[in-house]
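Step one of this worksheet: look at the structure below.
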Amino acid sequence: MTDLTINALFNLTGRLPLEAATLLFFVTGGLLFLIEDWRLSVGLLTGQYLTMGLVVGRLLRPEIGYAKVLVGLFIGLMLYLSARQAGWRQRLTFATHGLRTLLTTTPNSGNIFPPGRAFRLMTMLLAGVTAVSLAQSYPLGHLPHTVTLSVYWLMIIGLLVLLFTGHPLKVGQGLLTFITGFEIWFITLEGSLLMAGLWAVINLMITLAAGYLAAVRGVNPEENF
Amino acid sequence: MFTPMLLIPVVYALRRRTMGGRLAVLAAGGTAWLTAQLPQPETVYLLGRPLIFSQLWVFNAVLLLSITAVLFVSATSISQGWSFYPFGLVILLVLMLAGATKHLGISAMLVEIAALLAVFIIQAGRPGSVRGGLRFLVMMTLALPLFLPAARYSELYRDRLRDPLFLAQLGLLVGGGFGLWLGVFPVHGWSTAIATEASPGVTAFILVAFPATAVLILLQYLAQAPWLLDTPNARQIIVMFGLLSVVAGGFFASVQTRFDALMGYTALFDIGGILLALGLGSQAGITLILLGLVNRTIGLVLIGVNTASIQTLTGGTTFKQASGLARQHPLTALGLMVGAATLAGAPFTAGFVSRWLLLRPLAALDPRWAVILLLGSLGITIGYLRGLRALVEPLPNKPAPRRHLRPQVVTPALVTLCLGIGLFPRPVLALIQSIIATVNIPIL
């Protein structure tokens, strides 16, 4: 029954154009860079893995896509539990505050967006332009243009997330985003079972290591994500 | 060969007891002994991939396993974190597998897995700063996307392409990846951060095991892809980064005021020496790399074990905290200084042989390189002499209460080994040369 449901889901999403997947990557990656709310971040990262599963499933075999989706769900769960264990309590959530309130409050009043958001927004736009120009100048041979764009975007935005934070959980998310971009490209080059297995182990262990560091570091109520 | 490693689950279960430490020593020492008995070369297939246990691999594995056993012995009297025993063994096992597989991509992924496991022993449950673990996690992960395309493109270049530009790109990928793994200047941040944050024994383990495995993989990769050395200016680039590491390591070591930070910069200086030996581009250079690894291992473990003693005795590793310690614990001060002298290349220590053998050909190539290496050594010497000055200072009238510590049994043994190799280097050199003869490593 479960298998049937997953198959049906893949059949349905299999019709999703790759452009839509690229758009999803831009949205999830961009928001991951911009926001500090841990619940949203974990959700976005999980969404990123689900999209990756769909893309990889279409480019290679659906089974590999399933595996990526499963790994993504595990990663989301592990990050969620780690953040909870770290005692993390962000001040505002969508559940208690409307989106409008969140977007209009000042940076120091507990916004989900970290301080310097205009700068981050500009940086993100530049990253987008860089990704587009890289995809045009250096296409990744065998990949469709939209997937190439996704690969560059995810790698660049992952590095930016890494550069803009010192918190282990966010660093982990940056690394995972960077690795996701790279993996989409590389797994289509070398998609052996051993490699796929090692990729899954590495993804899960990055999450575990980042989660562990976040848990032992604890929370400083003054800091941002 | 790996049978003693079956003890790992038991070690994990007993990690908080002395028995756990003893079993860990048994597992590491037993595997080292069995590995040394291996008929060579041996090829085993795992998941359809060949694992080749060459003489070079055996040399590296025995070195790492033995020194880990020594660190475990030390850790039974000075705890380096309970997870050190089981995680240390698993990390070694994964690194040994990484060294045995001849596929650069798979090796890189296994080293990444080992690095991710190492994050747990670096932090070891300590609350507060996570800088060391985080930097190691990031740097090692960033190396992965450099190695995987490099492995792929190597095959492509070997089979079809012979484009110089393509080769230069390949050289950049491989060089960048190994630079991150070795902690070469300016991407050395992980090694110095670990040195200041992790337990000294764990620091010594990481700073020995990962670079040693990286060097093994590099040499094996060069044997498989000798054309990589045709990369334009390969030798000059290697030497340049070697010199930068030597200068940065020496300079920053000379101004440190903590023994743990000093260890990190000493390791950076030593990596510079290894790169310079590689840059020599001769068979002698390869000999010096392996001899350098032996010295690095002994030197860093001596420093690590004795810095751990200082930390336990005084509650910290600053020069001020260690003030006057040599008067109460002369063996600790001796071990620390002999380890430092080895890495600085002081006469009568193991390090002198490799530094002397490195200086002569370097001076022949460019005398300025030799002078820079000597200046780096001077920086390390100044750093440790400042530490020694604090250690031998007269004790204050009312010395702060210090913890009792069982004498470190490993220090006299390692000091003897270090001085022994310094005075009688021929057996070690002969062993290394016999190993190199079995590996077809090209010269630059």
Side-chain angles (χ1 to χ4, degrees), chain A residues 86-87 138 140-142 151 154-155 158-159 161-163 165-220, chain B residues 45-49 81 83 87 90-91 94 97-98 101 103-153 155-156 169 193 197:
Chain A
Y138 302 100
L140 300 172
H142 59 291
V151 168
L154 288 172
M155 289 182 75
L159 281 179
V161 173
L162 275 180
L163 286 172
T165 186
H167 197 285
L169 221 49
K170 196 73 179 172
V171 167
Q173 291 177 357
L175 273 180
L176 289 168
T177 303
F178 175 76
I179 286 288
T180 301
F182 178 78
E183 199 181 338
I184 290 174
W185 170 58
F186 194 77
I187 205 162
T188 54
L189 282 178
E190 194 157 338
S192 69
L193 200 62
L194 179 63
M195 278 284 184
L198 286 173
W199 271 121
V201 171
I202 287 171
N203 274 288
L204 290 169
M205 285 187 64
I206 288 175
T207 313
L208 208 58
Y212 169 73
L213 290 179
V216 292
R217 181 179 185 253
V219 184
N220 177 358
Chain B
Y45 284 86
L46 184 69
L47 297 171
R49 300 269 178 179
S83 51
F87 277 71
V90 176
I91 289 166
V94 177
L97 286 176
T101 164
H103 189 286
L104 182 63
I106 292 177
S107 293
M109 292 180 108
L110 290 173
V111 171
E112 166 72 3
I113 290 172
L116 293 170
L117 285 168
V119 169
F120 294 89
I121 56 171
I122 291 168
Q123 194 63 32
R126 191 187 55 256
S129 174
V130 293
R131 198 165 53 101
L134 209 54
R135 279 198 189 171
F136 194 56
L137 169 70
V138 171
M139 291 298 195
M140 291 288 147
T141 306
L142 289 183
L144 195 58
L146 300 175
F147 281 118
L148 292 174
R152 178 82 187 169
Y153 290 155
E155 291 164 13
L156 206 62
Q169 289 171 346
E197 296 215 331

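Note on naming: letters A, B, ... go to the chains in the order of the sequence lines (proteins, then strands), and numbering restarts at 1 for each one.
- With a threshold of 4.5 angstrom between heavy atoms, A:Trp185 approaches chain B through side-chain atoms but not through N, CA, C or O.
- Of the atoms belonging to A:Ile202, heavy atoms from both backbone and side chain fall under 4.5 Å from chain B.
- Using a 4.5 Å cut-off between heavy atoms, B:Ile122 does not touch chain A at all.
- Contact annotation: the side chain of A:Val201 never approaches that of B:Leu116 to less than 4.5 Å [non-hydrogen atoms, C-beta and beyond].
- Judged by distance alone, the side chain of B:Thr101 and the main-chain N or O of B:Ser107 form no donor-acceptor pair under 3.5 Å.
- Contacts of A:Leu198 with chain B are made by both backbone and side-chain atoms, with heavy-atom separations under 4.5 Å.
- When atom types are taken as modelled, the side chain of B:Thr141 and the backbone of B:Leu137 share a donor-acceptor pair closer than 3.5 angstrom.
- Highest contact tally toward chain B, considering only A:Gly172, A:Ala210, A:Ala209, A:Ser192, is held by A:Ala209 [criterion: heavy-atom pairs under 4.5 Å].
- With a 4.5 Å cut-off on non-hydrogen atoms, B:Ala124 touches chain A through its backbone but not through its side chain.
- For A:Leu175, the part lying near chain B is the side chain, with the backbone staying farther off; criterion is any non-hydrogen pair under 4.5 Å.
- At a threshold of 4.5 Å between non-hydrogen side-chain atoms, the residues A:Met205 and B:Glu112 do not count as touching.
- With a 4.5 Å cut-off on side-chain heavy atoms, A:Glu183 and A:Asn203 count as touching.
- The parts of A:Leu208 that come within reach of chain B are both its backbone and its side chain, each placing non-hydrogen atoms under 4.5 angstrom from that chain.
- Counting only heavy atoms from C-beta outward, the side chains of A:Trp199 and B:Met109 approach each other to under 4.5 Å.
- Distance alone, capped at 3.5 Å, is enough to place a donor-acceptor pair between the B:Arg126 side chain and the B:Glu197 backbone.
- Both the backbone and the side chain of B:Gln123 come within contact range of chain A, judged by heavy atoms closer than 4.5 Å.
- Neither the backbone nor the side chain of B:Arg131 comes within less than 4.5 Å of any heavy atom in chain A.
- Residues A:Ile187 and A:Met195 fail the side-chain proximity criterion, which asks for heavy atoms closer than 4.5 Å.
- Counting heavy-atom pairs closer than 4.5 Å to chain A, the top-ranked of the candidates B:Ile106, B:Leu134, B:Leu110 is B:Leu134.
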